> 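Provided herewith is a single structure, encoded as structure tokens, for subsequent inquiry.
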Amino acid sequence: MKELPKIYEPQKHEDEIYQNWEKSGFFNPDNLKGEPYSIMMPPPNVTGVLHLGHAMENSLMDIMARYQRMQGRKVLLLPGTDHAAVATQAKVEKLLMEKEGYRNPRQELGREKLLEKIKDFAENSKSTILNQIKKMGTSCDWSRLAYTFDETRSKAVNKVFEKMYTDGLIYRGYRVVNWSIKGQSTVSDDELVYIERPGKLYTFKYSKDFPFAIATTRPETKFGDTAVAVHPRDKRYQKYIGKIFEIKNFGEEKGTELKIKIIADEAVDPQFGTGAVGVTPAHSFTDFEMYEKQKAANNPIEIIPVIGPDGKMNEKAKSFQGISVQEAREKLIQWLKEKKLLEKEEDLLQNVATSDRFGDVVEILPMTQWFVAVNKEIPGRGKTLKQLMREAIAGGLNGNPAQKITVTPARFEKIYFNWIDNLRDWCISRQIWWGHRIPVYYCERGISNIQSSISPKEEKCSKPIVSSKIINKCPHCGGKIIQDPDTLDTWFSSGLWTFSTLANTPEQIKLENGKFIIDNKDFANFYPTDWMQMGSELLFFWMARMILMSAYVLDEIPFRDVYIHGILRNEKGQKFSKSLGNNIDPLDISHQYGTDALRLSLVSGIAPGQDSHFYEDKVKNAGNFVNKLWNISRYIIQKTKEQKEIEKIKKENLNSSDRWIAKKMNTLIGEVSTNIEKFNFSLASEKIQTFIRNDFADWYLEASKFEENKNEKSFLLKTILEDGLKLLHPFIPFVTEYIWKLLGKEKLLLIEKWPDKSIYKSLSKINDADDFELIKEIIIAIRNIRQENKIEPGKKINAIIYGGNFTKFIQENETLIKKLRTGVENLKLSKEGKEIKKAAKKIIAGKIQIYVPLEEIIDIEKQKKNTRAEIENLQKYISNLKIRLKNKDFLKKAPTEIVQKEKENLIRAQEKLKKLEKYSV
RNA sequence: GGGUGAUUAGCUCAGUUGGUUAGAGCACUUCUCUUACAAAGAAGGGGUCAGUGGUUCGAGUCCACUAUCACCCACCA
């Protein structure tokens with residue numbers, strides 16, 4: 001025990017401490033008592049390893065979980081991973097192509113074998129990730145570990161699909177979607193990355209006979225034009241509205257035949273281009289919307305796709321068939337030029353949508369896909385999914401404030417609403433293999449009949465069957481049945497995460513009479529979850545979908561509070577990314593400085609929703625603090641005697657420093673608690689660190705070395721250290737737990753109760769007259785005098801203190817004043833009034849004057865200068881105060897306690913000024 | 001085009017519903033190996049809170065405009 005090393009070495013203890021926590025069983029809420037509190041950890045994608053951002057998220061969640069556990073709540077922090085459909089398949093395919101020489105893994109391996117490869121990769125990546133989460137000290141319940149692709153979660157996916165399908169909210173429809181040619185799959189709107197690149201705006205006429213020109217950046221799609229839209233009030237074109245123009249040979253001799261209807265649409269900007277827009281319903285979202293509008297208005301236009309899923313022109317483009325869009329564009333422009341139909345060619349910058357996962361330019365194509373209808377009324381609920389998503393944040397589901405999600409910081413609510421307003425039906429089918437297969441089956445007979453006429457006998461077979469169980473033959477005709485080959489968008493399963501994770505077995509998930517049920521205690525206990533944190537980039541991807549799913553499936557919000565954190569950036573303000581090559585492995589940092597230092601540095605200087613900077617100096621600093629704490633503890637463990645019980649503490653034995661530190665501690669406990677509860681993690685950690693460093697170590701502990709009441713001191717030193725460890729535990733769990741053990745505690749700090757303010761409150765009764773702050777100021781003043789006057793370090797000095805009312809109090813603290821690095825040999829106390837010619841002086845608190853008579857050393861000029869500056873400063877302050885206090889409006893309107901405070905300030909400042917002037921050299 | 005955020009010490013950032021003379025860490029200056037800690041301690045220096053106007057008894061904090069930077073959404077026919 002006596003041989004504790006000077007330097008704390010985190011690497012030596014962390015793994016063992018984590019194992020002890022795990023073994024204790026207290027990560028599992030079943031072994032805890034109290035009110036339930038739950039956080040579902042956002043499942044990291046099984047695409048690779050954890051980065052710093054994950055490390056920060058783990059820290060935030062673990063701080064919250066540990067804090068709540070110490071508050072005496074039954075805490076569930078549930079870990080898991082996400083199969084990340086497209087992202088994982090794209091990654092593995094890329095690896096197979098780059099590392100193993102495959103050219104087209106899907107073709108060469110086939111569905112089963114490729115899936116096996118992806119699965120191997122995912123499992124491997126999963127175990128790495130889980131180890132990293134452990135290394136971060138995350139106090140999550142491993143017995144409830146979940147995976148979006150495991151049996152239980154898959155069942156939830158299928159059941160929810162079934163429910164939505166039955167409610168008519170999931171439908172199969174022919175609509176335009178984002179299509180990745182490279183990935184041969186649909187891509188979600190949110191997974192698009194826009195890149196800016198130079199393009200050209202062409203103004204041309206379809207034919208010589210066509211009455212006006214239109215503008216486009218994508219001429220090759222014009223083979224699919226079926227209308228031209230103009231603004232309804234545009235005088236130039238009003239006369240054409242409703243007319244149909246037939247263009248015989250577009251693109252070449254014996255070319256494509258176009259039938260162009262002139263339609264009116266408010267969306268057209270008369271100022272842009274020629275004010276007339278070629279409408280290509282098959283290859284543009286806005287044009288498709290016009291197509292739907294026209295259909296609804298009973299004035300339909302056609303939809304003609306001219307680009308195929310292979311990214312090449314199709315047969316509608318006649319001899320252009322089979323060539324790429326780029327080539328087609330050039331060829332068509334050439335033709336337009338020859339025919340003198342091209343009127344203008346302008347350079348412009350355009351945004352091109354690319355697929356985030358596959359990296360190629362995305363084509364917009366019409367296809368038959370599965371969609372979630374967000375604007376359709378939910379049967380029996382009288383509102384749409386969109387409305388549910390809005391309600392959950394606006395005022396609470398069904399107007400119930402208990403079902404309202406609070407977003408921190410609140411400004412993200414606006415962004416969320418804005419997104420919801422622009423939301424289109426959600427395309428949920430993907431043509432990749434890694435993911436939840438769509439639980440829909442078709443009878444082979446039915447499929448072949450879909451296009452042709454259906455005889456009444458076969459009608460049943462033509463209807464798709466939705467089933468969460470695997471079906472082998474058609475229940476109607478007994479014939480061969482096939483499952484829909486597509487898989488679900490990964491966000492479909494992530495959307496269920498907050499509740500699908502609460503089922504422990506597939507059997508607990510049921511769909512009874514259209515009602516989705518998780519039949520177990522966990523669900524009853526822990527839902528809705530209490531807290532969720534995520535980066536702002538997940539607001540739409542994930543948060544919105546969790547709200548949609550939870551509100552629809554369970555009629556409950558998924559979580560009560562959501563905290564949006566910013567992005568971590570490096571010293572230069574750059575994002576950490578693979579492409580920049582500036583990634584930092586959190587494990588490297590943890591290895592070098594310890595996990596505690598890493599965690600502390602990750603939450604220091606962060607503010608909700610605000611990007612934060614991370615650099616090694618920050619970790620170094622945090623590591624220094626950990627080491628400081630270690631040394632404080634080391635001293636207290638080695639130097640203090642046995643500890644008294646609170647009952648045996650004699651209040652009359654307490655010194656002013658004791659009462660002072662108790663008062664500070666009382667405030668601190670409150671501050672740390674409220675800051676954590678308000679998600680101000682950085683502030684909370686800053687407060688406790690400042691207290692430990694400055695108040696506790698530099699003053700209280702130093703003072704304790706020279707004070708007499710050893711029993712009370714020991715009690716306070718140990719108690720404050722212990723409670724300080726508790727306050728720090730959520731932030732730096734390892735070192736605090738380690739010291740806790742060295743203090744001889746048998747119970748783990750992990751489940752200790754959060755410190756109680758009341759002990760400190762009862763010990764801190766202070767009358768103003770003996771505030772330790774005054775002693776501190778006297779000591780600082782004397783040290784300052786020494787430093788300013790360059791008094792030799794070892795030289796003893798004399799000091800005279802004037803200050804009538806305080807004489808007795810100062811006398812009591814004489815030893816402290818002498819010993820605490822002031823080098824005072826003789827301390828004279830005197831009633832005020834006597835003047836000393838040559839002395840260094842300080843006046844503090846407007847009441848106490850300190851003289852150090854050092855005739856031969858003192859730099860009189862410097863003294864004078866300092867005093868003058870101080871006087872000037874004070875005069876300015878006083879005159880400001882006077883003006884304020886003369887102001888009738890101030891006196892009338894400001895709260896009385898503010899006025900009172902200002903009056904006291906004035907008196908104090910005036911006293912100080914008087915003394916400064918009186919005793920100035 | 002619409003929106004959001006940022007602008008506070010040399011650097012990185014705090015600053016909670018407006019209320020003492022605006023804070024921290026790093027860096028800087030000076031001093032100290034004092035028996036918990038030199039990965040430390042002591043004492044300092046450094047700021048017209050981006051600019052302009054307004055509201056208020058009182059503005060870093062609220063409002064408007066401007067500037068610069070960053071980000072998000074939509075559109076680019």
Side-chain angles (χ1 to χ4, degrees), chain A residues 4 6-8 194 199 201 214-218 221 228-229 267-269 272-280 284 286-287 348-351 409 411-412 414-415 418-419 422 536-537 539-540 566-567 571 573 593 604-607 609-615 617-618 620-639 674-675 678 680 682-683 686 689-690 697-698 701-702 705 779-780 783-788 790-794 819-822 873-874 876-877 880-881 884 887-895 897-899 901-902 904-905 908-909:
Chain A
L4 296 174
K6 278 187 176 184
I7 292 170
Y8 172 69
Y194 288 92
L201 182 68
I214 58 157
T216 182
T217 52
R218 297 207 53 191
T221 64
V228 163
V268 178
D269 175 6
F272 191 91
T274 59
V277 190
V279 180
T280 327
S284 152
T286 38
D287 293 2
L348 52 69
L349 276 180
Q350 62 181 151
N351 277 336
R411 64 188 155 88
F412 284 103
K414 265 193 225 165
I415 299 174
N418 185 275
W419 179 82
N422 294 314
S536 53
E537 75 278 5
L539 211 64
F540 312 135
I567 295 167
E571 218 164 353
Y593 299 96
S604 77
I606 66 166
Q610 218 53 53
D611 289 356
S612 61
H613 293 247
F614 180 89
Y615 38 90
D617 266 359
K618 239 174 159 174
K620 217 182 263 179
N621 192 255
N624 289 352
F625 175 75
V626 169
N627 200 53
K628 181 84 183 174
L629 179 71
W630 167 249
N631 275 296
I632 292 166
S633 312
R634 191 160 73 98
Y635 174 80
I636 293 176
I637 288 168
Q638 289 170 340
K639 289 290 160 71
T674 42
N675 276 314
K678 286 182 179 169
N680 288 323
S682 181
L683 264 179
E686 207 175 281
Q689 284 183 69
T690 309
D698 293 345
L701 194 142
E702 285 301 315
K705 294 175 183 170
I779 291 168
I780 291 170
R783 287 170 180 170
N784 180 289
I785 288 171
R786 291 192 76 110
Q787 184 93 15
E788 273 193 354
K790 305 229 183 294
I791 297 169
E792 276 173 55
K819 299 262 175 149
L820 280 180
R821 289 170 204 184
T822 50
N873 195 1
L874 257 181
K876 223 185 271 170
Y877 178 50
N880 281 340
L881 277 180
R884 196 174 305 167
N887 187 329
K888 275 176 199 162
D889 284 325
F890 174 69
L891 296 174
K892 208 164 63 186
K893 291 180 183 170
E897 69 262 24
I898 299 287
V899 177
K901 229 186 210 171
E902 296 287 50
E904 282 165 22
N905 286 337
R908 212 170 297 155

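Below, all heavy atoms of this structure are taken into account, side chains as well, without hydrogens, waters or symmetry copies. These numbers were taken from a predicted model, which means no experiment stands behind them. Throughout, protein chains are lettered first and strands after them, A, B, ... in sequence-line order, and every chain is numbered starting at 1.
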> Write down the distance between CD1 (A:Ile785) and C1' (B:rC31), rounded to a whole number of angstrom.
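Roughly 16 Å, once rounded to whole Å.
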> So A:Asp287, base contact, sugar-phosphate only, or nothing? Heavy-atom distance under 4.0 Å.
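A:Asp287: no heavy atom of the nucleic acid under 4.0 Å.
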> With sequence neighbours excluded, what pairs up with A:Tyr635 under the ring-ring contact (aromatic ring centres under 6.0 Å, His included) test?
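Scan of A:Tyr635 (ring-ring contact (aromatic ring centres under 6.0 Å, His included), adjacent residues dropped) gives none.
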> Sticking with atom C1', work out how far B:rG58 lies from B:rC76, rounded to a whole angstrom.
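About 50 Å, rounded to a whole number of Å.
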> Checking A:Arg218 now: which residues fulfil side-chain hydrogen bond (donor to acceptor under 3.5 Å, both in side chains) with it, not counting sequence neighbours?
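If we apply the side-chain hydrogen bond (donor to acceptor under 3.5 Å, both in side chains) test to A:Arg218, skipping adjacent residues, the hits are A:Glu220, A:Glu363.
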> Could you list, one pair per line, each protein nitrogen or oxygen that sits under 3.5 Å from a nitrogen or oxygen of nucleotides 6-9 of chain B, together with the distance?
none

> Nearest 0.5 Å please: distance from the CH2 atom of A:Trp630 over to the CD1 atom of A:Ile7.
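The distance works out to 11.5 Å.
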> Does A:Asp611 reach the main-chain N or O of A:Ile567 with its side chain, forming a donor-acceptor pair under 3.5 Å?
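Side chain of A:Asp611 to backbone of A:Ile567: a pair is present.
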> A:Ser536 side chain N/O closer than 4.0 Å to the phosphate oxygens (OP1, OP2) of B:rU4?
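Indeed not, no polar side-chain atom of A:Ser536 lies that close.
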> Taking CG from A:Leu539 and P from B:rC73, how many angstroms apart are they, rounded to a whole number?
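From A:Leu539 CG to B:rC73 P: 10 Å.
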> Could you go over nucleotides 63-65 of chain B and give all protein N or O partners under 3.5 Å, atom names and distances?
none

> Give me the distance, rounded to whole Å, that separates B:rA24 from B:rG46 when you measure between the P atoms they each carry.
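So the two P atoms sit 14 Å from each other.
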> For the CD1 atom of A:Ile780 and the OG1 atom of A:Thr822, what is their distance to the nearest 0.5 Å?
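One finds 12.0 Å between CD1 of A:Ile780 and OG1 of A:Thr822.
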> Please classify the nucleic acid contact of A:Lys414 as base, sugar-phosphate, or nothing, using heavy-atom distances under 4.0 Å.
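If one applies the 4.0 Å heavy-atom cut-off, A:Lys414 turns out to touch the sugar-phosphate alone, with no base involved.
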> Taking only residues two or more places apart in sequence or in another chain, which ones pass salt bridge (Lys or Arg N to Asp or Glu O under 4.0 Å) with A:Lys705?
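A:Glu702.
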> Pick base, sugar-phosphate or nothing for A:Asn887, based on heavy-atom distances below 4.0 Å to the nucleic acid.
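Contact class for A:Asn887: sugar-phosphate only.
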> With heavy atoms under 4.0 Å as the rule, sort A:Val268 into base, sugar-phosphate or nothing.
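If one applies the 4.0 Å heavy-atom cut-off, A:Val268 turns out to touch a base.
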> Heavy atoms only, 4.0 Å cut-off, all strands: where does A:Asp269 land among base, sugar-phosphate and nothing?
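The answer is base, as A:Asp269 lies within the cut-off (heavy atoms under 4.0 Å) of a base atom.
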> Drop me the distance from A:Leu881's CG to A:Arg908's CZ, to the nearest 0.5 angstrom.
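Spacing of CG (A:Leu881) from CZ (A:Arg908) equals 11.0 Å.
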> Checking contacts here: which listed nucleotide (B:rU30, B:rA74, B:rG19) is nearest the side-chain heavy atoms of A:Ala894?
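My answer, after comparing the listed nucleotides, is B:rG19.
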> For A:Ser682 and for A:Glu902, locate the closest nucleotide of RNA chain B by heavy-atom distance; then report the residue assigned to the nucleotide nearer the 5' terminus.
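Result of the comparison: A:Ser682.
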> Rounded to the Å, how far apart are A:Asp611 CG and B:rC69 P?
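Result: 17 Å.
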> In whole angstrom, give me the gap between the C1' atoms of B:rU61 and B:rC71.
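Per the computed distance, 24 Å lies between those C1' atoms.
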> How far does the P atom of B:rU16 sit from the matching atom of B:rG23, given to the nearest Å?
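14 Å, rounded to whole Å.
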> Holding to side-chain hydrogen bond (donor to acceptor under 3.5 Å, both in side chains), I want the full list of residues that pass it with A:Glu902, two or more places apart in sequence or in another chain.
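Scan of A:Glu902 (side-chain hydrogen bond (donor to acceptor under 3.5 Å, both in side chains), adjacent residues dropped) gives A:Arg884, A:Asn905.
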> If we ignore hydrogens and angles and just use 3.5 Å, is the side chain of A:Arg634 paired with the main-chain N or O of A:Leu629 as donor and acceptor?
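Side chain of A:Arg634 to backbone of A:Leu629: no pair is present.
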> Looking at residues at least two apart in the chain, or sitting in another chain, which of them share a side-chain hydrogen bond (donor to acceptor under 3.5 Å, both in side chains) with A:Asn627?
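Checked A:Asn627 against side-chain hydrogen bond (donor to acceptor under 3.5 Å, both in side chains); zero matches.
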> Base, sugar-phosphate alone, or nothing: which one does A:Ile7 contact when heavy atoms must sit under 4.0 Å apart?
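Touches a base.
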> Let me know the distance between NZ of A:Lys901 and C1' of B:rU20, rounded to the nearest Å.
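About 7 Å, once rounded to whole Å.
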> Quick check: does any side chain N or O of A:Asn680 sit under 3.5 Å from a backbone N or O of A:Asn675, one acting as donor and the other as acceptor?
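Flag not set: sc A:Asn680 to bb A:Asn675 has no pair under 3.5 Å.
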> How long is the span from the CD1 atom in A:Ile632 to the CZ atom in A:Phe625, to the nearest 0.5 Å?
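One gets 6.5 Å once the value is rounded to the nearest 0.5 Å.
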> Which letters describe nucleotides 33-38 of chain B, given B = protein heavy atom under 4.0 Å from base, S = only from sugar-phosphate, - = neither?
--SBBS
> Rounded to whole angstroms, how far apart are NZ on A:Lys876 and C1' on B:rU21?
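Spelled out: NZ on A:Lys876 to C1' on B:rU21 is 10 Å.
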> List in chain and number order the residues that pass side-chain hydrogen bond (donor to acceptor under 3.5 Å, both in side chains) with A:Tyr8, two or more places apart in sequence or in another chain; answer none if no residue qualifies.
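Checked A:Tyr8 against side-chain hydrogen bond (donor to acceptor under 3.5 Å, both in side chains); zero matches.
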> So A:Gly623, base contact, sugar-phosphate only, or nothing? Heavy-atom distance under 4.0 Å.
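Nothing, no heavy atom under 4.0 Å.
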> To the nearest 0.5 Å, how far apart are OG1 in A:Thr690 and CD in A:Glu686?
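It comes to 5.5 Å.
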> Map A:Lys620 and A:Gln350 onto RNA chain B by nearest heavy atom, then report which one ends up closer to the 5' terminus.
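Here A:Lys620 is the residue nearer the 5' end.
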> Might you confirm whether atom CD of A:Glu897 has over 12 heavy atoms from other residues, nucleotides or ligands at distances under 6.0 Å?
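Counting neighbours around CD of A:Glu897, more than 12 heavy atoms of other residues, nucleotides or ligands fall under 6.0 Å, so yes.
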> Taking atom CD1 of A:Ile779 and atom CZ of A:Arg783, what is their separation to the nearest 0.5 Å?
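The distance works out to 6.0 Å.
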> Tabulate atom names and distances for all N/O pairs under 3.5 angstrom spanning the protein and nucleotides 44-47 of chain B.
{"residue": "B:rG44", "atom": "OP1", "partner": "A:Asn784", "partner atom": "ND2", "Å": "2.8"}
{"residue": "B:rG44", "atom": "O5'", "partner": "A:Asn784", "partner atom": "ND2", "Å": "3.2"}

> Between B:rC75 and B:rA22, how far is it from one P atom to the other, in whole Å?
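Each nucleotide's P atom is 50 Å from the other's.
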> Pull out every stem in RNA chain B, meaning runs of 3 or more consecutive Watson-Crick or G-U wobble pairs with both distances under 3.5 Å.
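So the stems come out as B:1-7 with B:67-73, B:10-13 with B:23-26, B:28-32 with B:40-44, B:50-54 with B:62-66.
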> Identify all pairs in which a protein N or O lies below 3.5 Å from an N or O of nucleotides 26-28 of chain B, and state each distance.
{"residue": "B:rC26", "atom": "OP1", "partner": "A:Asn621", "partner atom": "ND2", "Å": "3.3"}

